[in-house]
Amino acid sequence: AMWLAQQLHPHAAHSVAHYMDVRGDLNFDLLVDSVRITAAETGSLLTRLLAPGDGQDGPHTVRQFVDAAILPTELEYYDLTGSPDPIAAAREWMNAEFTARIDLYSTPLSRSAVLKVGHLRYFWYARAHHTVIDGFGSAVVAVRTGEVYTALERGEIPPPRKARHPRAFVEAEAAYRASARIEKDRAYWAAVSAELPEPVSFSGRTAEPSSFNHRCDRTLDLHTDQALASAAGTYKTTVAALVVAAFAAYLARATDTDDVVLTLPMAARVTAWARSSASMTANAVPIGARVESTTTIADLIDNIGHRIGGALRHQLLPAAEIAGDLRASGATLGPTINPMLFGDRIRLGDLDARLDLLTSGPTADMAVTLHTNSDNGQMRVDIEGNPATYELADIEMHSARFARFLHEFATRQPDCPIGSIGVLTESDRQLLLHEWSGGAPAALATLPEIFGRGVRRAADRPAIVDGDTV
């Protein structure tokens, strides 16, 4: 599916990329060995593609295989400490790298590098094309590399690997397609698609997916973070489900609609071995909800939780097949919200490697990603917007508004109607009431009084013009 997506949108780089902020005395040679061992164990990062016609399966078949010959012998290393701003230089390098289009057939589909950005500070960068790995799999690779590094540094044998070869995913896919489960999944998503409304977006426009987007990252304040944890306990749900419900409510309020559709990425890993292996299994499914102004917070959370539960039970049906049902019903997917709350700290011996996601793939409209801030443990909400449909100021505005809305959503009473939660921030109100209105709100007055005031202020100016008659 990701190969096909790359063919349909050839100018977008369908990659997943992150970097790890490592502070301390990093043993570079040990990291190289750890990367090599992990790459050999997982197999996915050694994947190559044969172009149609290059294999033995006919002119229209793409063959994918693991090639041990491309096992890395070195890591790229760049010392950026001579730059006026090494951090900015590193970000510029990484942004240019992960947004560059990849030749799927003649170049490696993954890349790793270490960027020195200060005294005893490094950015360990990793990128791979989405045909071979997804965001979850990338995190699996990072964690396993840290385990191997730590063991080698202590002179120990690395703990037994849990990852399986990519072939195991192919076999699992074949077994799924031969099972009764796939028919149940097809029936479920066909029913869901038939009921979905036409999705809305904040921009009201559509565009081709973009690799590099306008982005605003915001760490929630401690009070909001604590309120979310408390509310999750009150509603007997997860923080992730709570934020998805809040975003559905925000989308409905901001666009003045009663029906919303969100795109929810799924790991599509339903076994323990799959969750410990690195490959491309990620899926994307639609979550629809009715959000009227009278809908209560408790009812919306219950509704969203029910729909997420259904999606989780039927997450294995590929997005391409779900999309077929959507096209048949005339619906499409809406803005994406992606809870990635599976941790972002990796240990390299005694060193902390703090993972920061750079991209999980192109964005057609807007994508919201939830992380845990590695500095303070509080939730971080990253909002990305396609530059063809949003300005950077739009993304910054939605970031501020959603953060405020999320706080209100988490702290209001369960029977509070969604329509009573405001969308505007205090700065928005000041802008509307004072800057755009020209001052403080005018005193109440009747129409004759307002007319008389205007006559006295400009008695010598025309009152009515009709053609040549004044």
Side-chain angles (χ1 to χ4, degrees), residues 200-205 213-232 239-258 260 262 289 291-297 300-301 304 334-339 363 365-373 375-376 378-387 389-414 416-442:
V200 297
S201 70
F202 298 104
S203 68
R205 301 190 298 275
N213 304 299
H214 295 311
R215 175 170 165 171
C216 183
D217 302 345
R218 181 180 299 271
T219 299
L220 301 180
D221 61 76
L222 181 60
H223 186 39
T224 301
D225 197 68
Q226 292 174 339
L228 285 170
S230 176
V239 170
L242 192 72
V243 178
V244 172
F247 187 67
Y250 175 72
L251 177 61
R253 293 282 288 122
T255 57
D256 192 27
T257 185
D258 291 338
V260 297
L262 302 179
V291 190
E292 299 177 330
S293 61
T294 56
T295 302
T296 67
I297 292 176
L300 179 59
I301 291 173
I304 291 293
T336 298
I337 181 161
N338 189 8
T363 301
D365 178 65
M366 177 183 285
V368 179
T369 306
L370 313 179
H371 302 273
T372 301
N373 188 306
D375 290 327
N376 54 25
Q378 292 163 214
M379 182 178 291
R380 197 181 88 188
V381 179
D382 301 347
I383 300 183
E384 294 181 83
N386 189 317
T389 53
Y390 298 96
E391 299 292 338
L392 176 58
D394 298 327
I395 300 303
E396 293 172 338
M397 174 193 72
H398 284 297
S399 176
R401 288 180 177 178
F402 181 56
R404 179 203 165 278
F405 189 93
L406 187 57
H407 175 84
E408 292 292 317
F409 190 88
T411 55
R412 295 285 187 96
Q413 292 299 312
C416 171
I418 298 298
S420 68
I421 306 177
V423 172
L424 301 181
T425 64
E426 185 57 35
S427 60
D428 291 331
R429 294 180 182 279
Q430 292 298 319
L431 187 67
L432 288 171
L433 294 176
H434 297 285
E435 296 184 37
W436 287 358
S437 67

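In this structure, Leu424 CG and Phe405 CZ are separated by 11.5 Å, a value rounded to the nearest 0.5 Å. Rounded to the nearest 0.5 Å, atoms NE2 (His223) and CG (Leu228) are 10.5 Å apart. Interatomic distance, OG1 of Thr389 versus CG of Asp394, reported as 8.5 Å (0.5 Å rounding). Remark: Asp225 CG to Thr219 OG1 distance equals 9.5 Å, nearest 0.5 Å. Within the model, atoms CG of Leu251 and CG of Asp256 stand 11.5 Å from one another, a figure rounded to the nearest 0.5 Å. Interatomic distance, Thr372 OG1 to Met379 CE, rounded to the nearest 0.5 Å: 6.5 Å.
Between Arg215 and Asp217 the shortest side-chain heavy-atom distance falls below 4.5 Å. With a 4.5 Å cut-off on side-chain heavy atoms, Asn213 and Met366 do not count as touching. In this structure, the side chains of Ile297 and Ile418 come closer than 4.5 Å at one or more pairs of heavy atoms. Between Phe202 and Tyr390, some side-chain heavy-atom pair lies under the 4.5 Å cut-off. Here the side chains of Leu300 and Phe409 are in contact, with some heavy-atom distance below 4.5 Å.
Checking side-chain atoms of Asp365 against main-chain N and O of Pro335 turns up no donor-acceptor pair under 3.5 Å. Side-chain atoms of Asn386 come within 3.5 Å of backbone atoms of Thr363 as a donor-acceptor pair (strictly under, hydrogens ignored). A donor-acceptor pair under 3.5 Å is absent between the side-chain atoms of Arg404 and the main chain of Thr425, judged by distance alone. In this structure a side-chain-to-backbone donor-acceptor pair under 3.5 Å is missing from Ser230 to Ala227.
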Notebook entry, point to check: Please walk me through it: do Val368 and Val243 pass side chain to side chain contact (heavy atoms under 4.5 Å, CB included)?
Noted result: CA-CA 10 Å; Val368 179; Val243 178; over 6 Å; no

Next item on the list: Start with the C-alpha distance between Leu220 and His407, add both sets of side-chain angles, then the distance that settles side chain to side chain contact (heavy atoms under 4.5 Å, CB included), and finish with yes or no.
Entry: CA-CA 9 Å; Leu220 301 180; His407 175 84; over 6 Å; no

Margin query: Asp382 vs Glu384, test: side chain to side chain contact (heavy atoms under 4.5 Å, CB included). Steps then yes/no.
Written below: CA-CA 7 Å; Asp382 301 347; Glu384 294 181 83; 5.6 Å; no

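Across all their heavy atoms, Pro417 and Ser293 have their closest contact at CB-O, 3.4 Å. Contact record, Cys416 with Ser420: SG-OG, 3.1 Å, taken as the closest heavy-atom pair. Of all non-hydrogen atoms in Ala254 and Val423, the two that sit nearest each other are N-CG2, 4.1 Å. Taking each heavy atom of Ile395 and His214 in turn, the nearest pair found is CG1-CB, 3.9 Å. Considering every non-hydrogen atom in both Ala403 and Arg218, the closest pair reads CB-CD, 3.5 Å.
Applying side-chain contact (heavy atoms from CB on, under 4.5 Å) to Ile304 and the options Leu242, Val244, Val291 leaves one that passes, Val244.
By the side chain to side chain donor-acceptor pair (under 3.5 Å) test, Glu408 is found to be paired with Arg412, residues two or more places apart in sequence or in another chain being considered.
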